[in-house]
Amino acid sequence: MPELPEVEIVRRGLEPVLNGNTIAACHLFAPALRYPFSANFCTLLDGGTITASRRRGKYLLIDLDNAYCLIWHLGMSGRVRIYRADDEERHARIKHDHVVFEMSDGSVIVFNDPRRFGFMKLERQSDLDASAPFNKMGPEPLGNSFNGDALGAAIKNKKTNIKAALLDQNVVAGVGNIYACEALYMAGIDPATLACDLKKTHVEALARAVRAVLVKAIEAGGSTLKDYRQTDGSLGYFQHMFGVYDREGKPCPDCTCDVIVRGGVQRIVQNGRSTFYCPVRQK
DNA sequence: AGTGTCGCCTGAATGC
DNA sequence: TGCATTCAGGCGACAC
């Protein structure tokens, strides 16, 4: 799923049915997703009014007026559907619908997650910043505190490759496999370079590229490979703008070489994850 | 402490 | 056609 841009698009879709609205009824159709639901999960949500909805990294955070925050992660395959109050389909459940929120205005929010790698848990708002995973999480890449200096400080002692370092949520929040590949391509950096060995100019270019690729992906409605959808069911479009991701053997956008001879975009495995890159433009 | 590997789960794509 | 295998956006437990 969902990396930062996809979660942000979902957050924007949820905003109009959340803010100021009340959860009239919470329904669970599975005892657990990634983790078991706590025994008082629905009790704490039923009747709760939403006071704020935010995103931190790949997490949705929904504050309630009872001092709790719903921490919601979409995992790899999580989808959110929103039915409006006047939509007659809104009570039709489909396979892998695990959580349903009936809202006081008649709208319905459904969490569908075939692989069940997603989760929901409740935490006191006052404990949120001090608790995992937020207590060690890196800066928001689209926020003011993320720049070349911040990225440089976070990776200067890292002895792993820069691709794996970008996937570390404690370095920068919200970057996953797709956008790590794309940002490295955009910055012209070999993904195998050790993070601690990156030159300052490369670190600065990478910070700019991370920000730029995420902004572009949000503008395009995210990337739909298999599972991801916007909350109204529509697809993302950023997958059509990939430079390297899932493009093994194809030319990269800036390609000037003979793909037959050079082989085009390469796929390698780093730390158990696929990395796509252009050996000509990323050195 | 930091880093790398594995498993969680289902479904789609691929290979035989 | 059908069955087995492989792989997928993430995360955390674990071993080293």
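As the structure is a computational prediction, the values presented were derived from the model and not from experiment. Residue numbers start from 1 in every chain, and the chains themselves are labelled A, B, ... in the order their sequence lines are given, proteins ahead of strands.
- Taking 4.0 angstrom as the limit, A:His73 places a side-chain polar atom (N or O) nearer than this to OP1 or OP2 of C:dC11.
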Which pairs, protein N/O on one side and nucleotides 14-16 of chain C N/O on the other, fall under 3.5 Å?
none

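- Contact check for A:Leu28 versus A:Cys42: side-chain heavy atoms found under the 4.5 Å cut-off.
- Taking CZ from A:Arg81 and CG from A:Asp97, the interatomic distance works out to 4.0 Å, rounded to the nearest 0.5 Å.
- Going from atom CH2 of A:Trp72 over to atom P of C:dC11 covers 16 Å, rounded to whole Å.
- DNA chain B is contacted by A:Lys159, A:Thr160 of residues 159-176 of chain A, taking any non-hydrogen atom closer than 4.0 Å.
- The local environment of CG in A:Asn40 is crowded, with over 12 non-hydrogen atoms from other residues, nucleotides or ligands closer than 6.0 Å.
- Ranked by how close their nearest DNA chain C nucleotide is to the 5' end, A:Tyr35 and A:Arg267 are led by A:Arg267.
- For A:Arg267 and A:Asp246, the salt-bridge test fails: no basic side-chain N is under 4.0 Å from an acidic carboxylate O.
- C:dC11 and B:dA12: their C1' atoms are spaced 22 Å apart (whole Å).
- For A:Glu102, there are no salt bridge (Lys or Arg N to Asp or Glu O under 4.0 Å) partners, not counting sequence neighbours.
- DNA chain C forms stems at B:2-8 with C:10-16, B:10-16 with C:2-8, each a run of 3 or more consecutive Watson-Crick or G-U wobble pairs whose two key distances fall under 3.5 Å.
- As judged by a 4.0 angstrom heavy-atom cut-off over every strand, A:Ser274 is placed among residues touching the sugar-phosphate backbone only.
- For the pairing with A:Ile162, the side-chain contact (heavy atoms from CB on, under 4.5 Å) check across A:Asp197, A:Asp190, A:Ile189 returns one residue only, A:Ile189.
- Looking only at side-chain heavy atoms (C-beta outward), A:Thr49 and A:Leu64 stay at 4.5 Å or farther from each other.
- Among the atoms of the strands shown, none is found under 4.0 Å from any heavy atom of A:Arg79.
- Ring centroid separation for the pair A:Phe119 and A:Phe37 does not come in under the 6.0 Å cut-off.
- On the C1' atoms, C:dG12 is 23 Å away from B:dG11, given to the nearest whole Å.
- Taking the six-membered ring where the residue is Trp, the centroids of A:Tyr59 and A:His73 are separated by under 6.0 Å.
- Remark: A:Arg115 is positioned above the aromatic ring of A:Phe117, its terminal NZ or CZ atom under 6.0 angstrom from the ring centre and at most 45 degrees off the axis.
- Residue A:Arg273 places at least one side-chain N or O under 4.0 Å from the OP1 or OP2 atom of C:dG10.
- No more than 12 heavy-atom neighbours from other residues, nucleotides or ligands sit within 6.0 angstrom of OH on A:Tyr237.
- When distances are taken from the side chain of A:Ile178 to each of B:dT10, C:dA8, C:dG9, the shortest belongs to C:dG9.
- On a pure distance criterion of 3.5 Å, a polar donor-acceptor pair joins the side chain of A:Arg115 and the base of B:dC9.
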Show each protein N/O and nucleotides 5-7 of chain B N/O combination with a separation under 3.5 Å, one pair to a line.
| residue | atom | partner | partner atom | Å |
| --- | --- | --- | --- | --- |
| B:dG7 | N2 | A:Arg34 | NH2 | 3.4 |

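- Taking the charged nitrogens against the carboxylate oxygens, A:Lys158 and A:Asp168 do have a contact shorter than 4.0 Å, which makes a salt bridge.
- Listed by first and then second residue, the ring pair (Phe, Tyr, Trp, His ring centres under 6.0 Å) pairs involving residues 239-267 of chain A are A:Phe238-A:Phe242, A:Phe242-A:Tyr245, A:Tyr245-A:Phe276 (not counting sequence neighbours).
- When the C1' atom is compared between C:dG9 and B:dT3, the two are found 22 Å apart, to the nearest whole Å.
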